[in-house]
Visitor: 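Okay, here's the structure, questions in a sec.
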Amino acid sequence: MRNLSLCKSEFSKKINGVKMTTQTIKQLYRNTDSFADKEVKVNGWIRTIRGSKAFGFIELSDGSFFKNIQIVYENNLNNFEEIKKLPISSSLEIEGVLVVTPNAKQPFEIKATNVKIVGVSNSDFPLQKKRHTFEYLRTIAHLRPRTNTYSAVFRMRSVMAYAIHRFFQEKDFVYVHTPIVTGSDCEGAGEMFRVTTLDPAKANVDENGDINYKEDFFGRETNLTVSGQLSVENFCMAYNKVYTFGPTFRAENSNTARHASEFWMIEPEIAFADLSDDMDLTEEMMKYLLQYALDELPEEMEFFNKFIDKGLLERINNVINSDFARITYTEAVEILEKSGEKFEFPTVWGSDLQTEHERFLTEKHFKKPVFVTDYPKDIKAFYMKQNDDGKTVAAMDLLVPGVGEIVGGSQREEIQDKLEARIKEMDLDIKDYWWYLDTRKYGTVPHAGFGLGFERLIMYVTGMSNIRDVIPFPRTPKNAEF
RNA sequence: UCCUCGGUGGCUCAGUUGGUUAGAGCGGGUGACUGUUAAUCACUAGGUCGUAGGUUCGAGUCCUACCCGAGGAGCCA
(Lines give C-alpha, C1' and ligand atoms only; values in the text may rest on other atoms or scores of the structure.)
Protein backbone atom coordinates (compact mmCIF):
# COMPACT_ATOMS: atom_id res chain seq x y z
CA MET A 1 0.00 0.00 0.00
CA ARG A 2 1.32 3.39 -0.98
CA ASN A 3 1.93 5.81 1.84
CA LEU A 4 -1.12 7.97 2.29
CA SER A 5 0.38 10.95 3.98
CA LEU A 6 -1.55 13.83 5.36
CA CYS A 7 -2.68 16.45 2.97
CA LYS A 8 -0.31 19.38 3.41
CA SER A 9 -2.79 22.04 2.43
CA GLU A 10 -4.12 22.62 5.89
CA PHE A 11 -5.26 26.15 6.35
CA SER A 12 -6.04 28.21 9.36
CA LYS A 13 -8.71 30.73 10.10
CA LYS A 14 -9.64 32.91 12.98
CA ILE A 15 -13.01 31.96 14.38
CA ASN A 16 -14.31 34.09 17.23
CA GLY A 17 -10.84 35.42 17.70
CA VAL A 18 -9.45 31.93 18.31
CA LYS A 19 -7.18 30.49 15.66
CA MET A 20 -8.14 26.99 14.76
CA THR A 21 -7.07 24.68 11.97
CA THR A 22 -9.65 23.11 9.73
CA GLN A 23 -9.23 19.38 9.28
CA THR A 24 -10.40 17.48 6.23
CA ILE A 25 -12.54 14.43 6.80
CA LYS A 26 -9.85 12.43 5.02
CA GLN A 27 -7.31 13.51 7.63
CA LEU A 28 -9.64 12.50 10.44
CA TYR A 29 -10.16 9.06 8.95
CA ARG A 30 -6.52 8.44 8.11
CA ASN A 31 -5.16 9.66 11.44
CA THR A 32 -8.02 9.08 13.82
CA ASP A 33 -5.80 8.21 16.78
CA SER A 34 -3.97 11.50 16.79
CA PHE A 35 -7.26 13.42 16.82
CA ALA A 36 -9.10 11.33 19.42
CA ASP A 37 -10.65 13.39 22.22
CA LYS A 38 -9.18 16.56 20.72
CA GLU A 39 -10.81 19.73 19.46
CA VAL A 40 -11.28 19.61 15.71
CA LYS A 41 -12.89 21.82 13.12
CA VAL A 42 -14.48 20.69 9.89
CA ASN A 43 -16.61 22.26 7.22
CA GLY A 44 -18.88 20.79 4.59
CA TRP A 45 -22.39 20.10 3.44
CA ILE A 46 -25.15 18.15 5.16
CA ARG A 47 -25.76 14.78 3.56
CA THR A 48 -28.40 13.67 6.05
CA ILE A 49 -29.77 15.20 9.19
CA ARG A 50 -32.21 14.01 11.85
CA GLY A 51 -33.11 15.52 15.13
CA SER A 52 -35.14 14.74 18.21
CA LYS A 53 -36.06 16.68 21.31
CA ALA A 54 -32.68 17.06 22.91
CA PHE A 55 -30.12 16.08 20.28
CA GLY A 56 -29.62 15.14 16.66
CA PHE A 57 -27.23 13.77 14.08
CA ILE A 58 -25.74 15.22 10.94
CA GLU A 59 -23.77 13.38 8.33
CA LEU A 60 -21.39 15.89 6.86
CA SER A 61 -19.42 15.63 3.63
CA ASP A 62 -16.52 17.93 2.82
CA GLY A 63 -15.55 16.24 -0.44
CA SER A 64 -12.13 15.20 0.78
CA PHE A 65 -13.06 11.61 1.38
CA PHE A 66 -15.55 9.02 0.28
CA LYS A 67 -16.97 8.60 3.75
CA ASN A 68 -18.85 11.25 5.66
CA ILE A 69 -18.45 12.25 9.25
CA GLN A 70 -21.20 12.11 11.85
CA ILE A 71 -21.79 15.23 13.88
CA VAL A 72 -23.73 15.02 17.14
CA TYR A 73 -25.48 18.23 18.13
CA GLU A 74 -27.31 18.74 21.38
CA ASN A 75 -29.73 21.26 22.80
CA ASN A 76 -27.01 23.00 24.77
CA LEU A 77 -26.14 24.75 21.50
CA ASN A 78 -27.81 28.16 21.34
CA ASN A 79 -28.93 27.54 17.74
CA PHE A 80 -30.12 23.96 18.35
CA GLU A 81 -33.67 24.53 17.07
CA GLU A 82 -32.33 26.27 13.99
CA ILE A 83 -29.92 23.42 13.21
CA LYS A 84 -32.67 20.86 13.62
CA LYS A 85 -34.65 22.42 10.78
CA LEU A 86 -31.80 22.68 8.28
CA PRO A 87 -32.51 21.14 4.90
CA ILE A 88 -30.12 18.67 3.29
CA SER A 89 -27.11 20.23 1.58
CA SER A 90 -26.90 23.25 3.87
CA SER A 91 -23.29 24.22 4.48
CA LEU A 92 -21.76 24.32 7.96
CA GLU A 93 -18.59 25.03 9.86
CA ILE A 94 -18.35 22.85 12.92
CA GLU A 95 -16.11 22.85 15.95
CA GLY A 96 -16.21 19.99 18.35
CA VAL A 97 -14.47 17.09 20.01
CA LEU A 98 -13.65 13.95 18.07
CA VAL A 99 -15.00 10.93 19.94
CA VAL A 100 -14.07 7.40 18.96
CA THR A 101 -17.14 5.15 18.84
CA PRO A 102 -15.91 1.57 18.43
CA ASN A 103 -19.31 -0.03 18.93
CA ALA A 104 -21.24 2.09 16.45
CA LYS A 105 -21.68 1.87 12.72
CA GLN A 106 -19.29 4.76 12.22
CA PRO A 107 -15.76 4.58 13.69
CA PHE A 108 -15.90 8.04 15.27
CA GLU A 109 -17.99 11.18 15.45
CA ILE A 110 -17.71 14.82 16.40
CA LYS A 111 -19.57 16.12 19.41
CA ALA A 112 -20.27 19.68 18.31
CA THR A 113 -19.44 22.61 20.54
CA ASN A 114 -20.18 25.20 17.90
CA VAL A 115 -22.19 24.86 14.68
CA LYS A 116 -21.95 27.82 12.35
CA ILE A 117 -24.59 27.83 9.65
CA VAL A 118 -22.89 29.14 6.52
CA GLY A 119 -25.54 28.64 3.87
CA VAL A 120 -29.08 27.36 4.37
CA SER A 121 -30.17 25.06 1.57
CA ASN A 122 -33.70 24.69 0.27
CA SER A 123 -36.19 21.94 0.98
CA ASP A 124 -36.61 21.33 -2.73
CA PHE A 125 -33.03 20.07 -3.03
CA PRO A 126 -33.52 17.23 -5.51
CA LEU A 127 -31.20 14.64 -4.00
CA GLN A 128 -32.97 12.49 -1.46
CA LYS A 129 -31.74 10.06 1.11
CA LYS A 130 -32.48 7.20 -1.21
CA ARG A 131 -31.31 5.65 -4.42
CA HIS A 132 -31.77 7.65 -7.59
CA THR A 133 -31.49 6.34 -11.11
CA PHE A 134 -28.45 7.40 -13.13
CA GLU A 135 -30.85 8.59 -15.84
CA TYR A 136 -32.45 11.04 -13.44
CA LEU A 137 -29.14 12.19 -12.03
CA ARG A 138 -27.95 13.02 -15.55
CA THR A 139 -30.72 15.60 -15.69
CA ILE A 140 -29.18 17.29 -12.65
CA ALA A 141 -25.56 16.93 -13.67
CA HIS A 142 -24.66 20.06 -11.71
CA LEU A 143 -25.76 18.45 -8.44
CA ARG A 144 -24.82 14.83 -8.95
CA PRO A 145 -21.21 15.16 -7.69
CA ARG A 146 -22.88 15.48 -4.27
CA THR A 147 -23.95 11.84 -4.40
CA ASN A 148 -21.89 8.88 -3.23
CA THR A 149 -21.48 7.29 -6.62
CA TYR A 150 -20.55 10.36 -8.61
CA SER A 151 -18.38 11.70 -5.82
CA ALA A 152 -16.41 8.47 -6.02
CA VAL A 153 -16.36 8.37 -9.83
CA PHE A 154 -15.07 11.89 -10.28
CA ARG A 155 -12.50 11.54 -7.55
CA MET A 156 -11.32 8.45 -9.39
CA ARG A 157 -11.19 10.46 -12.59
CA SER A 158 -8.92 12.99 -10.92
CA VAL A 159 -6.68 10.33 -9.43
CA MET A 160 -6.40 8.48 -12.73
CA ALA A 161 -5.46 11.67 -14.58
CA TYR A 162 -2.65 12.17 -12.11
CA ALA A 163 -1.60 8.52 -12.38
CA ILE A 164 -1.31 8.82 -16.13
CA HIS A 165 1.07 11.74 -15.89
CA ARG A 166 2.99 10.02 -13.18
CA PHE A 167 3.39 6.83 -15.19
CA PHE A 168 4.71 8.59 -18.26
CA GLN A 169 6.77 11.20 -16.45
CA GLU A 170 8.52 8.52 -14.40
CA LYS A 171 9.50 6.93 -17.70
CA ASP A 172 10.89 10.22 -19.06
CA PHE A 173 8.11 10.78 -21.56
CA VAL A 174 7.56 14.40 -22.57
CA TYR A 175 4.02 15.73 -22.29
CA VAL A 176 3.03 17.53 -25.48
CA HIS A 177 0.07 19.88 -25.81
CA THR A 178 -1.16 19.21 -29.30
CA PRO A 179 -3.58 21.76 -30.71
CA ILE A 180 -7.30 21.67 -30.01
CA VAL A 181 -8.05 23.65 -33.15
CA THR A 182 -6.58 21.91 -36.14
CA GLY A 183 -5.91 23.18 -39.61
CA SER A 184 -7.37 20.56 -41.83
CA ASP A 185 -9.41 17.45 -42.22
CA CYS A 186 -6.34 15.25 -42.58
CA GLU A 187 -6.59 13.52 -39.24
CA GLY A 188 -9.19 11.30 -40.77
CA ALA A 189 -10.56 9.75 -37.61
CA GLY A 190 -14.16 10.83 -37.88
CA GLU A 191 -16.63 13.65 -38.42
CA MET A 192 -15.36 16.97 -37.11
CA PHE A 193 -16.81 20.04 -35.46
CA ARG A 194 -16.18 23.21 -37.44
CA VAL A 195 -14.39 26.14 -35.87
CA THR A 196 -15.31 29.38 -37.54
CA THR A 197 -16.13 33.02 -36.95
CA LEU A 198 -18.04 33.30 -40.21
CA ASP A 199 -21.64 34.36 -39.76
CA PRO A 200 -23.80 31.45 -40.90
CA ALA A 201 -26.61 33.88 -41.67
CA LYS A 202 -24.49 35.60 -44.31
CA ALA A 203 -23.52 34.15 -47.64
CA ASN A 204 -19.75 33.78 -47.17
CA VAL A 205 -19.30 32.19 -50.54
CA ASP A 206 -16.92 32.74 -53.40
CA GLU A 207 -17.71 32.91 -57.11
CA ASN A 208 -18.15 29.11 -57.24
CA GLY A 209 -20.64 29.10 -54.42
CA ASP A 210 -18.16 27.46 -52.03
CA ILE A 211 -17.59 28.80 -48.56
CA ASN A 212 -14.73 31.28 -48.65
CA TYR A 213 -12.51 30.17 -45.82
CA LYS A 214 -9.91 32.76 -46.75
CA GLU A 215 -12.18 35.24 -44.98
CA ASP A 216 -12.46 33.07 -41.92
CA PHE A 217 -10.54 33.73 -38.70
CA PHE A 218 -7.57 31.50 -39.49
CA GLY A 219 -7.74 32.11 -43.22
CA ARG A 220 -8.50 28.47 -43.79
CA GLU A 221 -10.91 25.77 -42.78
CA THR A 222 -10.42 24.72 -39.16
CA ASN A 223 -11.92 22.08 -36.93
CA LEU A 224 -11.74 20.71 -33.41
CA THR A 225 -9.18 17.95 -33.14
CA VAL A 226 -10.19 14.31 -33.44
CA SER A 227 -6.71 13.09 -32.51
CA GLY A 228 -3.37 14.55 -31.56
CA GLN A 229 -1.46 11.76 -33.21
CA LEU A 230 -0.11 13.42 -36.34
CA SER A 231 1.12 16.36 -34.29
CA VAL A 232 2.64 14.25 -31.58
CA GLU A 233 4.52 12.08 -34.07
CA ASN A 234 6.52 15.18 -34.98
CA PHE A 235 7.46 15.74 -31.37
CA CYS A 236 8.29 12.08 -31.06
CA MET A 237 11.03 12.66 -33.63
CA ALA A 238 12.53 15.23 -31.27
CA TYR A 239 11.96 13.74 -27.82
CA ASN A 240 11.88 10.01 -28.50
CA LYS A 241 9.10 9.33 -25.98
CA VAL A 242 6.11 11.63 -25.85
CA TYR A 243 2.46 11.63 -24.90
CA THR A 244 -0.58 13.81 -25.23
CA PHE A 245 -3.45 13.92 -22.79
CA GLY A 246 -6.29 16.22 -23.64
CA PRO A 247 -9.78 16.67 -24.99
CA THR A 248 -10.86 15.25 -28.31
CA PHE A 249 -14.00 15.94 -30.31
CA ARG A 250 -15.99 13.74 -32.64
CA ALA A 251 -19.15 14.94 -34.35
CA GLU A 252 -20.40 11.39 -34.92
CA ASN A 253 -24.06 10.79 -34.26
CA SER A 254 -23.20 7.98 -31.90
CA ASN A 255 -25.82 7.00 -29.37
CA THR A 256 -24.16 4.37 -27.26
CA ALA A 257 -23.09 3.92 -23.68
CA ARG A 258 -19.43 4.25 -24.63
CA HIS A 259 -19.26 7.17 -27.07
CA ALA A 260 -19.21 10.88 -26.32
CA SER A 261 -18.80 13.90 -28.57
CA GLU A 262 -16.17 15.35 -26.24
CA PHE A 263 -13.84 12.98 -24.49
CA TRP A 264 -10.26 12.80 -23.31
CA MET A 265 -7.60 10.69 -24.88
CA ILE A 266 -4.08 9.69 -23.95
CA GLU A 267 -1.81 9.21 -26.94
CA PRO A 268 1.77 8.13 -26.33
CA GLU A 269 4.24 7.78 -29.18
CA ILE A 270 7.59 6.01 -28.91
CA ALA A 271 10.50 6.14 -31.35
CA PHE A 272 12.85 3.27 -32.19
CA ALA A 273 10.01 0.95 -31.34
CA ASP A 274 7.78 -1.60 -33.03
CA LEU A 275 4.31 -2.99 -32.39
CA SER A 276 5.54 -5.39 -29.74
CA ASP A 277 7.11 -2.51 -27.78
CA ASP A 278 3.84 -0.66 -28.18
CA MET A 279 1.87 -3.51 -26.63
CA ASP A 280 4.40 -3.87 -23.82
CA LEU A 281 3.93 -0.21 -23.00
CA THR A 282 0.15 -0.52 -23.15
CA GLU A 283 0.11 -3.50 -20.84
CA GLU A 284 2.49 -1.97 -18.34
CA MET A 285 0.48 1.24 -18.31
CA MET A 286 -2.85 -0.50 -17.80
CA LYS A 287 -1.51 -2.52 -14.89
CA TYR A 288 0.10 0.53 -13.33
CA LEU A 289 -3.13 2.51 -13.53
CA LEU A 290 -5.28 -0.25 -12.07
CA GLN A 291 -2.85 -0.81 -9.22
CA TYR A 292 -2.79 2.93 -8.58
CA ALA A 293 -6.56 3.00 -8.28
CA LEU A 294 -6.51 0.18 -5.73
CA ASP A 295 -3.76 1.83 -3.69
CA GLU A 296 -5.04 5.37 -3.67
CA LEU A 297 -8.81 4.96 -3.41
CA PRO A 298 -9.51 1.71 -1.55
CA GLU A 299 -12.80 2.96 -0.07
CA GLU A 300 -14.10 3.98 -3.47
CA MET A 301 -13.04 0.69 -5.03
CA GLU A 302 -14.78 -1.22 -2.29
CA PHE A 303 -17.91 0.82 -2.91
CA PHE A 304 -17.79 0.20 -6.67
CA ASN A 305 -17.30 -3.48 -6.04
CA LYS A 306 -20.26 -3.62 -3.69
CA PHE A 307 -22.80 -1.40 -5.42
CA ILE A 308 -21.79 -0.87 -9.06
CA ASP A 309 -20.13 -4.05 -10.29
CA LYS A 310 -19.92 -7.09 -8.02
CA GLY A 311 -17.00 -8.72 -9.80
CA LEU A 312 -14.91 -5.58 -10.11
CA LEU A 313 -12.11 -6.19 -7.62
CA GLU A 314 -11.69 -9.79 -8.65
CA ARG A 315 -11.47 -8.80 -12.30
CA ILE A 316 -9.01 -5.99 -11.72
CA ASN A 317 -6.75 -8.09 -9.53
CA ASN A 318 -6.87 -10.77 -12.18
CA VAL A 319 -5.79 -8.30 -14.84
CA ILE A 320 -2.93 -6.95 -12.75
CA ASN A 321 -1.61 -10.43 -12.13
CA SER A 322 -1.96 -12.01 -15.55
CA ASP A 323 -0.42 -11.51 -18.96
CA PHE A 324 -2.66 -10.02 -21.58
CA ALA A 325 -3.46 -12.36 -24.44
CA ARG A 326 -1.99 -11.48 -27.83
CA ILE A 327 -3.47 -12.84 -31.03
CA THR A 328 -3.48 -11.76 -34.63
CA TYR A 329 -6.62 -10.78 -36.42
CA THR A 330 -6.29 -13.91 -38.56
CA GLU A 331 -6.10 -16.08 -35.44
CA ALA A 332 -9.06 -14.23 -33.98
CA VAL A 333 -11.15 -15.04 -37.04
CA GLU A 334 -10.17 -18.72 -36.72
CA ILE A 335 -11.10 -18.78 -33.03
CA LEU A 336 -14.47 -17.23 -33.84
CA GLU A 337 -15.13 -19.67 -36.67
CA LYS A 338 -14.31 -22.68 -34.50
CA SER A 339 -16.14 -21.34 -31.45
CA GLY A 340 -19.50 -22.81 -32.36
CA GLU A 341 -21.10 -19.57 -31.16
CA LYS A 342 -24.02 -18.22 -33.11
CA PHE A 343 -23.13 -14.71 -34.19
CA GLU A 344 -25.49 -12.30 -35.84
CA PHE A 345 -22.75 -11.44 -38.31
CA PRO A 346 -20.53 -14.13 -39.80
CA THR A 347 -16.79 -13.81 -39.35
CA VAL A 348 -15.20 -13.24 -42.71
CA TRP A 349 -11.51 -12.49 -43.14
CA GLY A 350 -11.29 -8.92 -44.38
CA SER A 351 -14.22 -7.40 -42.57
CA ASP A 352 -13.85 -5.72 -39.21
CA LEU A 353 -14.65 -7.57 -36.00
CA GLN A 354 -18.14 -6.84 -34.73
CA THR A 355 -18.80 -5.86 -31.14
CA GLU A 356 -20.25 -9.32 -30.52
CA HIS A 357 -17.01 -10.87 -31.77
CA GLU A 358 -14.85 -8.66 -29.59
CA ARG A 359 -17.00 -9.39 -26.56
CA PHE A 360 -16.74 -13.11 -27.18
CA LEU A 361 -12.97 -12.98 -27.42
CA THR A 362 -12.31 -10.96 -24.30
CA GLU A 363 -15.25 -11.99 -22.12
CA LYS A 364 -15.76 -15.64 -22.98
CA HIS A 365 -12.74 -17.06 -24.75
CA PHE A 366 -9.81 -15.42 -22.95
CA LYS A 367 -11.69 -13.91 -19.98
CA LYS A 368 -9.06 -11.17 -19.75
CA PRO A 369 -7.68 -8.30 -21.81
CA VAL A 370 -6.59 -9.34 -25.26
CA PHE A 371 -4.57 -7.60 -27.95
CA VAL A 372 -5.73 -8.27 -31.48
CA THR A 373 -3.02 -7.39 -33.99
CA ASP A 374 -2.28 -7.29 -37.71
CA TYR A 375 -5.59 -6.27 -39.17
CA PRO A 376 -6.37 -6.22 -42.89
CA LYS A 377 -4.93 -2.99 -44.24
CA ASP A 378 -8.12 -1.91 -45.95
CA ILE A 379 -10.01 -1.46 -42.69
CA LYS A 380 -7.28 0.57 -41.01
CA ALA A 381 -5.75 4.04 -41.29
CA PHE A 382 -3.23 5.11 -43.92
CA TYR A 383 -0.33 5.69 -41.53
CA MET A 384 -0.10 2.15 -40.19
CA LYS A 385 2.98 0.03 -40.87
CA GLN A 386 2.45 -2.25 -43.83
CA ASN A 387 3.38 -5.83 -43.07
CA ASP A 388 5.47 -7.96 -45.44
CA ASP A 389 2.48 -10.11 -46.38
CA GLY A 390 1.08 -7.16 -48.33
CA LYS A 391 -2.35 -7.73 -46.77
CA THR A 392 -2.14 -6.60 -43.20
CA VAL A 393 -0.85 -3.70 -41.12
CA ALA A 394 0.87 -3.64 -37.73
CA ALA A 395 -2.17 -2.40 -35.83
CA MET A 396 -3.41 -3.47 -32.44
CA ASP A 397 -6.64 -3.08 -30.49
CA LEU A 398 -6.82 -3.85 -26.79
CA LEU A 399 -10.15 -5.38 -25.87
CA VAL A 400 -11.22 -5.62 -22.23
CA PRO A 401 -14.25 -7.31 -20.66
CA GLY A 402 -17.21 -5.03 -20.09
CA VAL A 403 -15.94 -2.05 -22.05
CA GLY A 404 -14.69 -3.52 -25.33
CA GLU A 405 -12.08 -1.57 -27.25
CA ILE A 406 -10.16 0.58 -24.78
CA VAL A 407 -6.94 1.13 -26.74
CA GLY A 408 -6.27 1.36 -30.45
CA GLY A 409 -2.74 1.68 -31.71
CA SER A 410 -0.20 0.75 -34.32
CA GLN A 411 3.34 0.83 -35.49
CA ARG A 412 3.59 3.64 -38.04
CA GLU A 413 4.78 3.34 -41.60
CA GLU A 414 8.16 5.05 -41.35
CA ILE A 415 9.23 4.56 -44.98
CA GLN A 416 8.38 7.70 -46.90
CA ASP A 417 7.70 6.08 -50.28
CA LYS A 418 5.42 3.45 -48.84
CA LEU A 419 3.51 6.00 -46.78
CA GLU A 420 3.04 8.31 -49.74
CA ALA A 421 1.88 5.43 -51.91
CA ARG A 422 -0.69 4.51 -49.30
CA ILE A 423 -1.96 8.09 -49.05
CA LYS A 424 -2.51 8.14 -52.81
CA GLU A 425 -4.05 4.68 -52.79
CA MET A 426 -6.61 5.81 -50.24
CA ASP A 427 -7.47 8.90 -52.29
CA LEU A 428 -6.20 11.41 -49.75
CA ASP A 429 -4.63 14.69 -50.82
CA ILE A 430 -0.90 14.40 -50.27
CA LYS A 431 -0.53 18.19 -50.09
CA ASP A 432 -2.38 18.19 -46.76
CA TYR A 433 0.27 16.00 -45.21
CA TRP A 434 3.46 17.83 -46.14
CA TRP A 435 4.50 18.58 -42.56
CA TYR A 436 3.55 15.11 -41.37
CA LEU A 437 5.61 13.50 -44.14
CA ASP A 438 8.63 15.53 -43.07
CA THR A 439 8.94 13.14 -40.10
CA ARG A 440 9.84 10.45 -42.63
CA LYS A 441 12.03 12.74 -44.68
CA TYR A 442 14.39 13.98 -41.99
CA GLY A 443 15.81 10.99 -40.18
CA THR A 444 12.91 8.59 -40.03
CA VAL A 445 12.79 5.83 -37.41
CA PRO A 446 10.43 2.98 -36.70
CA HIS A 447 7.92 4.24 -34.18
CA ALA A 448 4.61 3.29 -32.66
CA GLY A 449 1.87 4.65 -30.46
CA PHE A 450 -1.68 4.21 -29.28
CA GLY A 451 -4.77 6.03 -28.11
CA LEU A 452 -6.31 5.23 -24.76
CA GLY A 453 -9.84 6.45 -24.21
CA PHE A 454 -9.67 8.10 -20.80
CA GLU A 455 -13.39 7.70 -20.07
CA ARG A 456 -13.26 4.05 -21.07
CA LEU A 457 -10.46 3.61 -18.59
CA ILE A 458 -12.60 5.21 -15.89
CA MET A 459 -15.50 2.97 -16.84
CA TYR A 460 -13.24 -0.04 -16.62
CA VAL A 461 -11.82 0.93 -13.23
CA THR A 462 -15.13 1.91 -11.64
CA GLY A 463 -17.46 -0.60 -13.29
CA MET A 464 -19.74 2.22 -14.44
CA SER A 465 -21.44 1.12 -17.63
CA ASN A 466 -22.31 4.45 -19.26
CA ILE A 467 -19.75 6.99 -20.46
CA ARG A 468 -22.17 9.79 -19.55
CA ASP A 469 -21.67 8.85 -15.93
CA VAL A 470 -17.89 9.25 -15.89
CA ILE A 471 -17.73 12.73 -17.47
CA PRO A 472 -18.63 15.68 -15.22
CA PHE A 473 -20.71 17.44 -17.86
CA PRO A 474 -21.03 15.05 -20.79
CA ARG A 475 -21.50 16.14 -24.38
CA THR A 476 -23.43 13.70 -26.53
CA PRO A 477 -25.75 14.21 -29.51
CA LYS A 478 -28.63 16.48 -28.41
CA ASN A 479 -27.12 17.04 -25.00
CA ALA A 480 -25.01 20.04 -23.98
CA GLU A 481 -27.21 21.71 -21.39
CA PHE A 482 -24.68 21.98 -18.62
C1' U B 1 -28.60 6.92 -38.18
C1' C B 2 -31.24 1.90 -37.62
C1' C B 3 -33.93 -1.80 -34.31
C1' U B 4 -36.45 -2.70 -29.52
C1' C B 5 -38.60 -0.89 -25.04
C1' G B 6 -40.35 3.15 -22.19
C1' G B 7 -42.18 8.49 -20.77
C1' U B 8 -48.26 8.68 -14.71
C1' G B 9 -47.30 13.99 -8.29
C1' G B 10 -40.17 16.33 -6.57
C1' C B 11 -38.14 10.82 -7.00
C1' U B 12 -39.28 5.34 -7.83
C1' C B 13 -43.33 2.84 -9.48
C1' A B 14 -48.81 0.53 -9.68
C1' G B 15 -53.05 1.59 -12.71
C1' U B 16 -57.11 -4.77 -14.46
C1' U B 17 -60.66 -6.42 -21.46
C1' G B 18 -61.19 2.06 -22.45
C1' G B 19 -66.01 3.56 -18.03
C1' U B 20 -67.75 7.40 -12.71
C1' U B 21 -63.70 11.55 -7.28
C1' A B 22 -55.83 8.42 -10.83
C1' G B 23 -53.10 4.97 -6.10
C1' A B 24 -48.55 3.61 -3.08
C1' G B 25 -43.64 4.20 -1.00
C1' C B 26 -39.96 7.78 -0.53
C1' G B 27 -39.27 13.07 -0.41
C1' G B 28 -41.75 18.06 1.38
C1' G B 29 -44.66 20.59 5.53
C1' U B 30 -46.49 20.22 10.83
C1' G B 31 -46.03 17.69 15.42
C1' A B 32 -43.93 13.64 18.69
C1' C B 33 -39.46 11.06 20.15
C1' U B 34 -32.37 11.00 24.70
C1' G B 35 -28.30 7.55 19.91
C1' U B 36 -29.87 7.71 15.14
C1' U B 37 -27.31 5.43 10.67
C1' A B 38 -32.25 5.10 3.78
C1' A B 39 -34.30 6.31 12.04
C1' U B 40 -39.39 5.67 13.76
C1' C B 41 -44.69 7.27 14.63
C1' A B 42 -49.06 10.60 13.59
C1' C B 43 -51.33 14.25 10.57
C1' U B 44 -51.05 17.07 5.96
C1' A B 45 -50.27 19.39 1.01
C1' G B 46 -49.12 17.77 -3.93
C1' G B 47 -50.47 14.89 -10.28
C1' U B 48 -55.09 15.25 -15.40
C1' C B 49 -51.14 10.99 -16.86
C1' G B 50 -44.17 13.49 -22.65
C1' U B 51 -46.33 16.97 -26.83
C1' A B 52 -49.92 17.60 -30.85
C1' G B 53 -53.83 15.50 -33.31
C1' G B 54 -57.43 11.42 -34.02
C1' U B 55 -61.09 7.17 -32.87
C1' U B 56 -65.18 6.85 -29.18
C1' C B 57 -71.08 8.48 -25.63
C1' G B 58 -66.43 8.14 -22.78
C1' A B 59 -58.93 7.44 -23.14
C1' G B 60 -53.61 7.26 -18.50
C1' U B 61 -55.58 2.84 -21.08
C1' C B 62 -56.64 2.33 -28.68
C1' C B 63 -54.41 4.88 -33.47
C1' U B 64 -50.89 8.55 -36.02
C1' A B 65 -46.89 12.02 -35.89
C1' C B 66 -43.23 14.35 -33.16
C1' C B 67 -40.01 15.11 -28.72
C1' C B 68 -37.17 12.89 -24.83
C1' G B 69 -34.85 8.64 -22.28
C1' A B 70 -32.86 3.53 -21.95
C1' G B 71 -30.83 -1.03 -24.17
C1' G B 72 -28.72 -3.10 -28.66
C1' A B 73 -26.24 -2.06 -33.66
C1' G B 74 -22.99 0.97 -36.83
C1' C B 75 -18.78 4.65 -36.30
C1' C B 76 -14.62 4.39 -32.70
C1' A B 77 -11.40 5.93 -27.86
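Order of the sequence lines fixes the chain letters, A, B, ..., with proteins taken first and strands second; residue numbering starts at 1 for each chain.
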Visitor: Select one nucleotide: of B/A77, B/U36, B/A73, the one nearest the side-chain heavy atoms of A/His259.
Guide: B/A77

Visitor: Distance between the C1' atoms of B/G74 and B/U12, in whole angstroms?
Guide: 34 Å

Visitor: Both A/Glu74 and A/Phe125 contact RNA chain B. Which one's nearest nucleotide lies toward the 5' end?
Guide: A/Phe125

Visitor: Tell me whether the side-chain N or O atoms of A/Glu135 pair up with the base of B/U12 as donor and acceptor below 3.5 Å, since no angle test is needed here.
Guide: no

Visitor: Output the residues of residues 356-363 of chain A in contact with RNA chain B, where contact means a heavy atom of the residue under 4.0 Å from an atom of the strand; sort by number or write none.
Guide: none

Visitor: For B/U16 versus B/A59, give the span between their C1' atoms, rounded off to a whole number of Å.
Guide: 15 Å

Visitor: Do A/Phe249 and A/Phe263 have ring centres separated by under 6.0 Å?
Guide: no

Visitor: B/A77 base stacked by A/Phe263? Criteria: ring centres under 5.5 Å, plane angle under 30°.
Guide: yes

Visitor: Strictly below 4.0 Å, N to O, side chains only: are A/Arg412 and A/Asp278 in salt-bridge contact?
Guide: no

Visitor: Sort me out a list of protein N/O and nucleotides 4-11 of chain B N/O pairs below 3.5 Å, or just none if empty.
Guide:
unit_1: B/G10; atom_1: N2; unit_2: A/Gln128; atom_2: OE1; d: 3.2
unit_1: B/G10; atom_1: N2; unit_2: A/Gln128; atom_2: NE2; d: 2.4
unit_1: B/G10; atom_1: N3; unit_2: A/Gln128; atom_2: NE2; d: 3.3
unit_1: B/C11; atom_1: O2'; unit_2: A/His132; atom_2: ND1; d: 3.3
unit_1: B/C11; atom_1: O2; unit_2: A/Lys130; atom_2: NZ; d: 2.7

Visitor: I want to know whether A/Tyr175 and A/Phe168 have ring centres closer than 6.0 Å.
Guide: no

Visitor: Check for me whether the distance between the ring centres of A/Tyr150 and A/Phe134 falls short of 6.0 Å.
Guide: yes

Visitor: Is any side-chain heavy atom of A/Pro126 closer than 4.5 Å to a side-chain heavy atom of A/Tyr136?
Guide: yes

Visitor: A/Glu252 side chain: which of B/C75, B/G72, B/A38 is closest?
Guide: B/C75

